[in-house]
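Quick caveat, the model's predicted, so the values are computed rather than measured.
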Amino acid sequence: MKNLILNLLIFSAISCKSQTIFPIYQIGSADKRNNFYYKDTENFQDQYVGEWLFNDGTTYLKVKFIKKPRFMETRRGATFYRDFLIGEYEYKVNDITVVNTLNNIDVNHSDIHMYNMYSLMRYKINQFPECVGCDVTKRLVMVFQELTSRNPDWAAGAHFIIRRVMEGGVEKLKVQFIMKDSASGIPAGLGDEYKGFSLPFGEYTLTRV
């Protein structure tokens, strides 16, 4: 038994030693390679970790983000690791709960797609939607899926684009929630015409709880 434990420790040490760390937001990170660790070396995702709230008396939106470091994925025969920001949310209208997925954030899924939101990429310049006066490098794109309803016609998801700001000494999260692809026949823009998700498209400003 002692020999087995010792061998496992040695194997683990060798595996960690031979693993290549690659910055997740560096050009080339999309090319996934076996035993690479695509790491958030800048700790860019950390600024979003926590709970954020929008409440105007009618609409209530609470979002919670946590970081999933070194999450294992297998794709096209390659097994690699990646840092993810994942999120879940609660949405109410007139104090009536429309959807609440907050408990899902505590489940250790082996598939990242089982979370309602997960980080995709840091925003690139000239990408839609525009954000006048924004530093584009400070926006993070989250894939939004809404697994609770999982409308089969629109399972591709949307983009939940977030950026952290300080206003009057208060920490806030600016959100642009949009359809990610106009090829579906739905205009790629803000508005609540699209009914595939419980949460309407639009812009939200949430305050850190």
Side-chain angles (χ1 to χ4, degrees), residues 7-52 63-89 99 101-124 127 136-152 154-164 173 175-181 183-184 196-197 199:
N7 289 335
L8 287 173
L9 289 172
I10 293 171
F11 177 77
S12 178
I14 292 173
S15 296
C16 291
K17 206 170 190 179
S18 63
Q19 190 173 67
T20 301
I21 295 177
F22 195 94
I24 194 171
Y25 297 119
Q26 183 173 310
I27 292 175
S29 64
D31 183 19
K32 299 299 185 288
R33 300 182 184 181
N34 197 55
N35 206 34
F36 268 41
Y37 175 18
Y38 297 90
K39 182 178 175 63
D40 180 19
T41 54
E42 303 170 46
N43 296 318
F44 181 77
Q45 297 172 359
D46 294 20
Q47 63 184 312
Y48 304 111
V49 172
E51 296 184 356
W52 306 84
V63 179
K64 183 176 181 180
F65 292 115
I66 67 171
K67 193 170 183 177
K68 282 279 188 183
R70 209 172 175 274
F71 192 94
M72 187 177 72
E73 290 189 283
T74 299
R75 191 183 307 167
R76 295 180 180 177
T79 296
F80 52 91
Y81 303 85
R82 179 178 175 183
D83 288 347
F84 278 102
L85 186 76
I86 61 169
E88 298 294 342
Y89 67 107
V99 59
T101 72
L102 292 175
N103 289 337
N104 192 48
I105 206 165
D106 297 320
V107 181
N108 289 318
H109 294 297
S110 59
D111 182 352
I112 201 67
H113 302 95
M114 293 307 297
Y115 297 103
N116 283 277
M117 283 182 273
Y118 59 90
S119 54
L120 179 62
M121 61 185 177
R122 191 159 62 180
Y123 218 74
K124 298 177 183 177
Q127 282 184 290
V136 293
T137 63
K138 292 186 176 179
R139 286 195 289 176
L140 182 64
V141 179
M142 306 289 294
V143 175
F144 185 97
Q145 301 183 111
E146 194 170 57
L147 300 177
T148 51
S149 63
R150 190 59 104 164
N151 187 323
W154 312 107
H159 280 170
F160 198 81
I161 304 165
I162 58 178
R163 65 186 178 96
R164 176 184 162 276
L173 196 67
V175 174
Q176 291 171 290
F177 181 42
I178 64 168
M179 185 66 197
K180 73 174 184 179
D181 187 3
S184 62
F197 299 109
L199 182 68

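To the nearest 0.5 Å, the span separating CE on Met117 from CD on Glu146 amounts to 10.0 Å. Rounding to the nearest 0.5 angstrom, the gap separating the CD atom in Gln26 from the OG1 atom in Thr41 is 8.0 Å. Atom CE of Met142 and atom CG of Leu120 lie 9.5 Å apart (nearest 0.5 Å). Met114 contributes atom CE, which lies 9.0 Å from atom CD of Gln145 (distance to the nearest 0.5 angstrom). Of the inter-residue distances, the one linking Leu140 atom CG with Arg164 atom CZ reads 13.5 Å to the nearest 0.5 angstrom. Taking CD1 of Ile162 as the reference point, atom CD of Gln45 lies at 9.0 Å (rounded to 0.5 Å).
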Would Lys67 and Asp46 satisfy salt bridge (Lys or Arg N to Asp or Glu O under 4.0 Å), going step by step from the backbone distance to the final call?
CA-CA 7 Å; Lys67 193 170 183 177; Asp46 294 20; 2.7 Å; yes

**Message:** Using side chain to side chain contact (heavy atoms under 4.5 Å, CB included), reason through Asn104 and Asn116 one step at a time and then give a plain yes or no.
**Reply:** CA-CA 8 Å; Asn104 192 48; Asn116 283 277; 4.0 Å; yes

- List the steps and the verdict of side chain to side chain contact (heavy atoms under 4.5 Å, CB included) for Val175 and Trp52. CA-CA 11 Å; Val175 174; Trp52 306 84; over 6 Å; no

For this session: Test side chain to side chain contact (heavy atoms under 4.5 Å, CB included) on Tyr81 and Gln19 and set out the steps.
Result: CA-CA 10 Å; Tyr81 303 85; Gln19 190 173 67; 3.0 Å; yes

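In terms of modelled atom types and a separation under 3.5 Å, the side chain of Gln176 and the main chain of Phe160 share no donor-acceptor contact.
The minimum heavy-atom distance between Tyr38 and Asp31, with the atom names listed, is OH-O, 2.8 Å. Contact between Leu85 and Tyr48 at its shortest, heavy atoms only, is CD2-CB, 3.7 Å. Nearest heavy atoms, Asp83 versus Tyr37: OD1-OH, 2.7 Å. Residues Ala158 and Phe197 approach most closely at CB-CE1, 3.7 Å, considering heavy atoms.
Partners of Thr74 by side chain to side chain donor-acceptor pair (under 3.5 Å), not counting sequence neighbours, listed by chain and number: Thr79. In this structure Arg75 satisfies the salt bridge (charged side-chain N to carboxylate O under 4.0 Å, His left out) test together with Glu73, sequence neighbours excluded. Ile86 is linked by a side-chain contact (heavy atoms from CB on, under 4.5 Å) to Ile66, Lys68, Phe84, Ile105, Ile112, Tyr115, Tyr118, counting only residues two or more places apart in sequence or in another chain.
Here Phe36 and Phe80 keep their ring centres 6.0 angstrom or further from each other. Close placement of the Tyr25 and Phe44 rings is indicated, their centers lying within 6.0 Å of each other.
Using the six-membered ring where Trp is involved, Tyr89 and Phe144 have ring planes that are tilted, between 30° and 60° apart.
Cation-pi geometry between Lys39 and Phe22 is not met at under 6.0 angstrom from the ring centre and within 45 degrees of the axis.
Under the 4.0 Å criterion applied to side-chain N and carboxylate O atoms, Arg82 and Asp40 are not assigned as salt-bridge partners.
Between His113 and Val143, every side-chain heavy-atom pair lies at or beyond the 4.5 Å cut-off.
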